[in-house]
There are 2 protein chains.
Amino acid sequence: MLIADRYERIVELVNERGSIRVSELSTLCQVTEETIRRDLDRLEKAGRLLRSHGGAVSLRDRQPETPYAEREIMNAAEKQQIAREAVMMIKPGDRILLDASTTAWYMASHLPDIPLTVLTNSIRVAAELSGKERIDVISTGGQLSRRSMSFVGHLAERSLELYHVDKMFFSCKGFHLERGASESNELQAMVKRKMISIAEQVILLCDSSKFGIQAFTHVATTSELDVVITDYSPATEQLKQLQELNIAITTV
Amino acid sequence: MLIADRYERIVELVNERGSIRVSELSTLCQVTEETIRRDLDRLEKAGRLLRSHGGAVSLRDRQPETPYAEREIMNAAEKQQIAREAVMMIKPGDRILLDASTTAWYMASHLPDIPLTVLTNSIRVAAELSGKERIDVISTGGQLSRRSMSFVGHLAERSLELYHVDKMFFSCKGFHLERGASESNELQAMVKRKMISIAEQVILLCDSSKFGIQAFTHVATTSELDVVITDYSPATEQLKQLQELNIAITTV
DNA sequence: ATCAAAACAAACAAAAATAAACAAAAAAAT
DNA sequence: ATTTTTTTGTTTATTTTTGTTTGTTTTGAT
């Protein structure tokens with residue numbers, strides 16, 4: 001069994017039963033208790049369960065039910081999956097950039113509390129990360145955009161110019177293989193374009209609802225992307241196209 | 001049963017019945033009374049119930065409506081009064097600056113939804129104002145300061161340099177007639193000094209707990225202030241001093 | 001006020017769980 | 001093919017939990 005499969009199995013079991021002992025997981029997964037303990041440590045850091053002496057407890061039922069605003073979010077489960085996958089790309093010490101998308105917000109909530117520098121224009125991301133002490137959070141500032149609870153405009157772009165980051169994680173309204181990533185709002189698009197220009201590696205978080213869509217404003221050509229994380233399974237033809245552009249695609 | 005499960009069970013039982021005896025919990029959970037006592041100590045420390053001789057009582061229904069963080073705020077009523085008074089100084093079309101103090105946050109919540117431009121380094125102020133559509137909100141951005149949920153540092157100061165405002169409303173740790181306004185945190189102090197430099201009119205929001213106090217870092221000399229709003233009644237001598245410096249004082 | 005029962009706190013010891021260190025095996029990177 | 005990294009199991013401390021014992025404090029009835 002793959003290690004990731006075991007992780008999934010453990011989380012599943014914990015959520016199913018509410019709580020479970022290390023010893024039980026050990027026999028169920030056919031690995032020693034030590035291994036299970038190490039797994040639980042990681043899963044706890046990843047925010048997928050809670051450790052307790054002797055075993056682990058589920059986060060479900062305990063965490064406040066998803067707030068009103070969140071229930072309306074499209075493809076929430078897929079976005080969460082994409083966010084989890086994206087978090088796995090992050091190493092301690094990384095300087096990363098998160099945009100004001102829902103998926104980036106999910107990423108923030110799944111980020112382990114490790115030394116990191118996070119630059120963002122999202123209030124929600126900043127607020128979420130305020131609870132993680134080891135993470136250095138920097139906000140771009142700028143004009144408040146109510147709809148996305150983020151900062152845009154000249155000041156936001158100007159602030160971004162001061163920095164350089166290892167990885168940028170962002171989402172958009174639409175993603176089209178030939179036409180690239182696009183956004184419905186001009187101000188948001190401008191901020192994202194600036195973000196791309198200061199990032200070493202550009203990672204698009206793209207749930208299936210965005211595939212094949214072209215929105216109002218151009219944000220990035222496909223070749224500007226380095227990685228696409230998605231729950232959509234592209235056709236063989238499309239995969240070849242991405243390969244030719246040297247873009248890694250991760251399907252969750 | 002896992003320890004965490006027992007904790008949950010205890011809290012649940014306490015909340016269900018309002019109160020419960022150690023002996024009863026002991027038989028229900030199948031552990032000795034000593035263990036229950038230790039559990040109750042921890043749960044009380046975690047703020048999940050209240051200890052009492054012989055057992056524990058629920059916190060439910062006892063909780064005040066103001067959230068936990070707000071309960072700890074010193075002189076909350078006075079600060080609210082000061083905030084209301086300060087809001088009365090604001091005219092439609094004003095460009096104002098709010099710092100990251102509790103009083104400024106209260107001001108934000110009392111601001112009417114009129115055409116205004118508000119510049120701030122506080123996340124709470126920005127979030128509060130996101131509900132008022134006619135107000136243009138601009139955040140400075142910068143490094144996140146967890147304690148005050150605000151932005152500080154070079155970027156915050158740099159952003160401020162781009163603007164000029166009619167009125168700045170701020171608070172501080174201490175205010176001393178001879179020594180001026182002071183702050184305990186150097187980074188916050190630097191931001192506030194910068195704020196003062198870009199404001200036409202400087203208004204200090206000063207509840208009585210701050211009067212006569214001198215904190216670590218200097219923020220502003222008394223003569224830099226234009227208005228002081230306070231719930232403290234200064235002595236005639238002090239009033240004369242303020243008058244000589246041409247500083248208006250409003251006592252709420 | 002006095003006293004006995006109940007409740008508690010502190011100290012200790014045994015058991016369970018965990019953490020740390022190390023080496024072997026497996027997987028990934030070069 | 002090799003080196004490096006990651007994962008895993010094993011062994012050995014260390015910590016946490018729990019029950020027990022002993023002495024102290026609180027409570028409520030006399």
Side-chain angles (χ1 to χ4, degrees), chain A residues 1-11 13-14 17-58 84-94 112-115 134 166-167 200-201 203 226-227 229 243 246-251, chain B residues 1-11 13-14 17-46 48-58:
Chain A
M1 187 184 344
L2 240 48
I3 184 164
D5 292 333
R6 194 178 62 229
Y7 287 170
E8 286 312 311
R9 180 122 184 257
I10 290 173
V11 172
L13 281 162
V14 167
R17 313 201 188 179
S19 75
I20 195 165
R21 303 193 73 82
V22 170
S23 52
E24 198 167 359
L25 285 170
S26 169
T27 57
L28 283 168
C29 296
Q30 300 275 23
V31 290
T32 57
E33 300 198 352
E34 279 315 308
T35 304
I36 293 294
R37 284 193 191 97
R38 280 185 279 238
D39 289 353
L40 294 182
D41 285 347
R42 288 183 194 181
L43 290 168
E44 180 174 44
K45 271 217 184 100
R48 307 200 53 192
L49 47 73
L50 270 180
R51 201 60 225 287
S52 153
H53 203 268
V57 278
S58 167
R84 282 209 190 84
E85 190 66 32
V87 165
M88 285 168 53
M89 291 184 65
I90 295 168
K91 294 191 304 289
D94 268 354
D113 193 357
I114 55 172
R134 284 197 265 276
D166 300 311
K167 300 176 179 113
E200 196 67 42
Q201 206 182 5
I203 297 129
D226 295 295
V227 182
I229 304 178
Q243 239 165 24
N246 206 22
I247 296 171
I249 182 154
T250 308
T251 310
Chain B
M1 189 182 349
L2 243 45
I3 297 171
D5 290 330
R6 195 177 61 227
Y7 287 172
E8 286 309 313
R9 182 124 184 254
I10 290 173
V11 172
L13 282 161
V14 167
R17 313 201 187 178
S19 72
I20 195 165
R21 303 193 71 76
V22 170
S23 53
E24 197 167 359
L25 285 170
S26 168
T27 56
L28 283 168
C29 296
Q30 301 272 25
V31 289
T32 58
E33 300 197 353
E34 280 314 309
T35 303
I36 293 294
R37 286 196 188 95
R38 280 185 280 238
D39 288 354
L40 294 182
D41 285 347
R42 289 183 193 183
L43 290 168
E44 180 173 44
K45 269 210 185 109
R48 307 203 51 191
L49 46 74
L50 272 180
R51 200 60 226 286
S52 108
H53 197 91
V57 278
S58 167

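A note on names: the letters A, B, ... follow the listed sequences, proteins ahead of strands, and every chain is numbered from 1. Side chains included, hydrogens not; waters and symmetry mates left out as well; all remaining heavy atoms used. Note that this is a predicted model, so its numbers are computed, not measured.
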- Short side-chain N/O contact from A:R37 to OP1 or OP2 of D:dT8, under 4.0 Å: no
- Assign each of B:G55 and A:S52 the nucleotide of DNA chain C bearing its closest heavy atom; nearer the 5' end lies the nucleotide of B:G55
- Atom CG of A:D5 and atom P of C:dA27: how far apart are they, to the nearest Å? 13 Å
- Note on the structure: Separation of D:dT8 atom C1' from A:Y7 atom OH, nearest Å, is 11 Å
- Message: Within this structure, what is the CD1-CG distance for the pair A:I10 and A:L13, rounded to the nearest 0.5 Å?
- Response: 8.0 Å
- Whole-Å distance, A:I36 CD1 to D:dT7 P, equals 14 Å
- Between A:V87 and A:P112, is any pair of side-chain heavy atoms under 4.5 Å apart? yes
- Task: Can you sort out the partners of A:R17 under side chain to side chain donor-acceptor pair (under 3.5 Å), two or more places apart, ordered by chain and number?
- Result: A:E24
- Query: Got a sec? Which of residues 25-33 of chain A come in under 4.0 Å of DNA chain D, heavy atoms?
  - Reply: A:V31, A:T32
- Side chain of A:V22 only, please: which of C:dA10, C:dT18, D:dT18 is the nearest? C:dT18
- Ignoring backbone atoms, test whether A:R21 places a side-chain nitrogen or oxygen under 4.0 Å from the OP1 or OP2 oxygen of C:dA17. yes
- Side-chain N or O of A:R51 closer than 4.0 Å to phosphate OP1/OP2 of C:dT18: yes
- Task: Rounded to the nearest angstrom, tell me the gap between atom NE2 in A:H53 and atom P in D:dT15.
- Result: 12 Å
- Message: For D:dT8 and A:R6 - does any side-chain N or O of the residue sit under 4.0 Å from the phosphate oxygens OP1/OP2?
- Response: yes
- Message: For B:Y7 and B:R48, which I'm curious about, is there any donor-acceptor pair between the side chains at under 3.5 Å?
- Response: no
- Task: Pick base, sugar-phosphate or nothing for A:S23, based on heavy-atom distances below 4.0 Å to the nucleic acid.
- Result: nothing
- Task: To the nearest Å, give me how far apart CG (B:L43) and P (D:dT17) are.
- Result: 12 Å
- Ignoring backbone atoms, test whether A:R38 places a side-chain nitrogen or oxygen under 4.0 Å from the OP1 or OP2 oxygen of C:dA19. no
- Query: Going by atom types only, do B:T35 and B:T32 share a side-chain donor-acceptor pair under 3.5 Å?
  - Reply: yes
- For D:dG9, does either OP1 or OP2 sit under 4.0 Å from a side-chain N or O belonging to A:T35? yes
- Query: Does any non-hydrogen side-chain atom of B:D39 lie less than 4.5 Å from one of B:L25?
  - Reply: no
- Here the distance between atom P of C:dC8 and atom CG of B:D39, to the nearest Å, is 13 Å
- Query: Of the nucleotides D:dT7, D:dT21, C:dT18, which one has an atom closest to the side chain of A:E34?
  - Reply: C:dT18
- Item | Heavy-atom side-chain contact between B:R37 and B:E34 under 4.5 Å | yes
- Rounded to the Å, how far apart are A:I3 CD1 and C:dA25 P? 19 Å
- In whole angstroms, how far is the C1' atom of D:dT6 from the CE atom of A:M88? 13 Å
- Name all residues meeting the salt bridge (charged side-chain N to carboxylate O under 4.0 Å, His left out) criterion together with A:R21; count only those two or more places apart in sequence or in a different chain, and write none if there are none. none
